[in-house]
Structures are given as structure tokens and as C-alpha cells.
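Okay, so here's the structure we're looking at.
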There are 2 protein chains.
Amino acid sequence: MKADRRERLEARARILKALGHASRLMILEELAGGEKCVAELTRAVGADMSTVSKHLALLKAVGLVEDRRQGSQVFYRLLAPCVMGFFDCVESVMASQVQRQIRLVK
Amino acid sequence: MKADRRERLEARARILKALGHASRLMILEELAGGEKCVAELTRAVGADMSTVSKHLALLKAVGLVEDRRQGSQVFYRLLAPCVMGFFDCVESVMASQVQRQIRLVK
DNA sequence: TGCATTATTGGCCAAATGGCAAAGTTTGTC
DNA sequence: GACAAACTTTGCCATTTGGCCAATAATGCA
């Protein structure tokens, strides 16, 4: 079915879209080093806590992180460490982009 | 430097963001099978050609694809086949999401 | 119970995104 | 040059996004 493919692609797109923001990437990088509470992540990102909380809600909604309440704090942890492996590929895209720019200048 | 990290993350985010759309994923999937002209991609995506052209411009801007004019046609090809490897990871996120839903129902 | 701490939610606004239609560009053909 | 074909760009519009602030939970402690 054609609509079937669409749906699968949209599900994938939702997850990849969640990765398409610098603050969320920073959060994931932090979480790659172990679980952290919202306050810690807020400090790392450098935005309002409400903003960070929304980013976390989004990451959770797509299944990239999980949360755990402990007392008055909420700890988040990375559910899909494999996403960290994306970066090598992304870096290579960035690098070849630089090469192309150089070629254009020459 | 702190701003340095931000910048790197934003560069990464731009590329990942470009992957966060079903139509663009479909385009990339098509291109994974070899270069294709805009008309072919338009047919595959099922949107207006102008819309597809914009998606292609975006993918090109972030360095994921390259274009080549041949006569009146423009052919696009995938520059970073490694992005296709993301999907396994993304699928695993989707799968564990389903598992979590099932756990909630039980 | 009252109050502080930690986090989430709702309200609001500016900016970005994605879509089609119409106009413009480039190439090939007559 | 005129016309068609293949794309791209521009214009416009509706929707989404991301940010802060203020208000609302939820927990811990005196």
C-alpha cells in the first residue's frame, strides 16, 4: 500500500525531527553521559527551565528518552544510545560541505 | 568555548532537521537507488513539483544531495549514503515505543 | 498546615515551515 | 526567434515551532 509507506516515513520523520534542534542535541549529549535531572539539563542548555521541559517532553513523546521521578526531581535518561552514532555520518556531511565550499572559492 | 559547542550542535541540527520530513525521507530513499530527475522524484512523492524542488534545494543546501544538469533535466544524487543507516536505529526506537504502549495497556 | 523546591502546563507572540499557484529561467527543437 | 519541456523562484497563506513568563502541580520539610 502507498499510504502505508507514507505512514512509516512519517513515523521516522517524527523521530528525526526531534533530533533537529541544537538544544535537544545538547540534552541528548548530556544524557549520553548518564541520567540527569531537569535542573542540570537546564544549566547545560542555558535556556528557561520551561523551555527545556518542553524539549524533554518532545524527546519523550517520540521515545528517545524516559523519565523517572525521584523525590522532587525528575531524572531523564537516553533510551536510544544508537542515535549518538549518527553524528559521525553527520560530521562527514559537514566536512564534505566544507570541501565543496573550498572548491567553489578556488 | 561554549559558543563553539552551540555552533557545532546547530550545524548538526540543520542536517538532522533536513531529515525530519516524510517527503524528504522518501526522496532520499529514492535516491538511495541511484540518481533521479526531479520529475521522477515528484511522481514518487506525489506533491507539486515546486514543492519537491524546494525540498531538494534544502537537501542540497545542507549537503545531503548534489545536482547535475543534463539537458533540460536536473538529476539529483545522494551524497551521504550513510544516512540510510540511521533507519535501523530509528526503527528500533519506534519498536520500543510500541513495546511501551503495550506495557501501558496491560 | 504552610512554605520552599522542582518541574510541567498554558498563554502568548515572533519566526520558520510546507503547501500550491503563478511567474521566471534554462535548454532543446522547429 | 518562437514555442515547449523541465525546473526553480516568488508570493501568499495556514500551521507549527520555540521562546519566555505566569500559573499550576507534586514533593519535602519545618
Side-chain angles (χ1 to χ4, degrees), chain A residues 2-3 6-7 9-28 30-31 35-78, chain B residues 2-3 6-7 9-31 35-77:
Chain A
K2 200 147 191 177
R6 252 285 142 192
E7 248 177 85
L9 289 177
E10 293 199 336
R12 286 183 185 180
R14 261 190 297 282
I15 293 168
L16 288 164
K17 198 171 175 182
L19 296 172
H21 192 283
S23 297
R24 290 193 291 267
L25 290 183
M26 188 168 300
I27 288 172
L28 294 176
E30 293 292 323
L31 295 183
E35 66 172 19
K36 299 239 175 0
C37 71
V38 181
E40 285 175 300
L41 295 170
T42 296
R43 234 172 295 130
V45 171
D48 196 277
M49 183 181 276
S50 71
T51 300
V52 172
S53 184
K54 280 182 186 172
H55 282 310
L56 287 166
L58 176 55
L59 291 172
K60 182 178 153 187
V62 302
L64 284 170
V65 304
E66 204 171 42
D67 62 340
R68 170 180 75 83
R69 169 144 234 148
Q70 183 177 350
S72 60
Q73 291 169 297
V74 177
F75 287 85
Y76 280 85
R77 67 185 190 82
L78 190 54
Chain B
K2 199 147 194 179
R6 252 285 142 191
E7 249 178 83
L9 289 177
E10 293 199 335
R12 285 183 185 179
R14 262 191 297 283
I15 293 168
L16 289 165
K17 198 172 176 182
L19 296 172
H21 193 283
S23 297
R24 289 194 292 268
L25 290 183
M26 187 170 298
I27 288 172
L28 293 177
E29 258 191 5
E30 292 293 321
L31 295 184
E35 65 172 20
K36 300 241 175 356
C37 72
V38 181
E40 286 174 299
L41 295 170
T42 295
R43 234 172 295 129
V45 170
D48 197 276
M49 183 180 278
S50 70
T51 300
V52 173
S53 185
K54 278 184 186 173
H55 283 309
L56 288 167
L58 176 55
L59 290 172
K60 182 178 153 188
V62 301
L64 284 169
V65 304
E66 202 170 45
D67 63 339
R68 170 179 76 83
R69 171 144 233 147
Q70 182 176 352
S72 61
Q73 290 169 295
V74 177
F75 287 86
Y76 281 83
R77 67 187 191 80

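Heavy atoms only: backbone and side chains are in, while hydrogens, waters and symmetry mates are out. Chain A is the first sequence line, chain B the second, and so forth, proteins listed ahead of strands; every chain is numbered from 1. Computed from a predicted structure; not experimentally measured.
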Between protein and nucleic acid, restricted to nucleotides 28-30 of chain C and to nitrogen or oxygen atoms under 3.5 Å apart, what atom pairs and distances do you find?
none

Between C1' on C:dT5 and CD on A:Q73, what's the gap in Å once rounded to a whole number? 9 Å
Between the main-chain N or O of A:V45 and the side-chain N or O of A:R43, is there a donor-acceptor pair closer than 3.5 Å? no
In whole Å, I'd like the distance from the CG atom of A:L25 to the C1' atom of D:dG18. 15 Å
Donor-acceptor pair, side chain of A:Q73 and main chain of A:Q70, under 3.5 angstrom: no
According to a strict under-4.0 Å criterion, is A:Y76 in side-chain N/O contact with OP1 or OP2 of C:dT6? no
Enumerate all atom pairs, one protein N or O and one N or O from nucleotides 15-17 of chain D, separated by less than 3.5 Å.
unit_1: D:dT17; atom_1: OP1; unit_2: A:K17; atom_2: NZ; d: 3.0

Select base, sugar-phosphate, or nothing to describe what A:A57 touches, counting heavy atoms under 4.0 Å on all strands. nothing
Atom CG of A:L41 and atom P of C:dA7: how far apart are they, to the nearest Å? 9 Å
Take the protein atom CZ of A:F75 and the nucleotide atom P of C:dT8, then report the distance between them rounded to whole Å. 12 Å
Return the value, rounded to whole Å, for the distance between atom CZ of B:R68 and atom P of D:dA6. 16 Å
Donor-acceptor under 3.5 Å (B:K36 side chain, B:E30 main chain): yes
Distance check needed: C:dA7 C1' versus A:L58 CG, whole Å only. 17 Å
Does the base of D:dC21 carry an N or O that pairs as donor and acceptor with the side chain of A:S50 under 3.5 Å? yes
Only counting residues at least two apart or in another chain, list the ones meeting side chain to side chain contact (heavy atoms under 4.5 Å, CB included) with A:R12. A:R8, A:L9, B:L25, B:E29, B:F87, B:V90, B:E91, B:M94
Give a yes or no on whether the backbone of A:M49 and the side-chain of A:S53 come within a donor-acceptor separation of less than 3.5 Å. no
Below the 4.0 Å mark, does C:dT17 have OP1 or OP2 next to a side-chain nitrogen or oxygen of B:H55? no
Under 3.5 Å, is there a donor-acceptor pair between the side chain of B:T42 and the main chain of B:V38? yes
Between B:L16 and A:L19, what is the shortest heavy-atom contact and its length? CD1-O, 3.6 Å
When the nearest nucleotide of DNA chain C is assigned to A:V52 and to B:G46 on a heavy-atom basis, which residue is associated with the more 5' position? A:V52
Closest of D:dC7, D:dA26, D:dC20 to the A:R69 side chain is D:dA26
Does this structure show an ion pair linking A:E66 with A:K60, if we count only N-O contacts that are shorter than 4.0 Å? no
Atom CG of A:D48 and atom P of C:dG11 are separated, to the nearest Å, by 17 Å
If only side-chain N and O atoms of A:T51 are considered, is one of them under 4.0 Å from the OP1 or OP2 phosphate oxygen of D:dC20? yes
Please state whether the base of C:dG19 and the side chain of B:K54 form at least one donor-acceptor pair under 3.5 Å? yes
Quick check: does any side chain N or O of A:R24 sit under 3.5 Å from a backbone N or O of A:A18, one acting as donor and the other as acceptor? yes
Note: B:E10-B:R6 ion pair, threshold 4.0 Å (strictly below): yes
Could you give the CZ-to-C1' distance, from B:R14 to C:dT17, as a whole number of Å? 16 Å
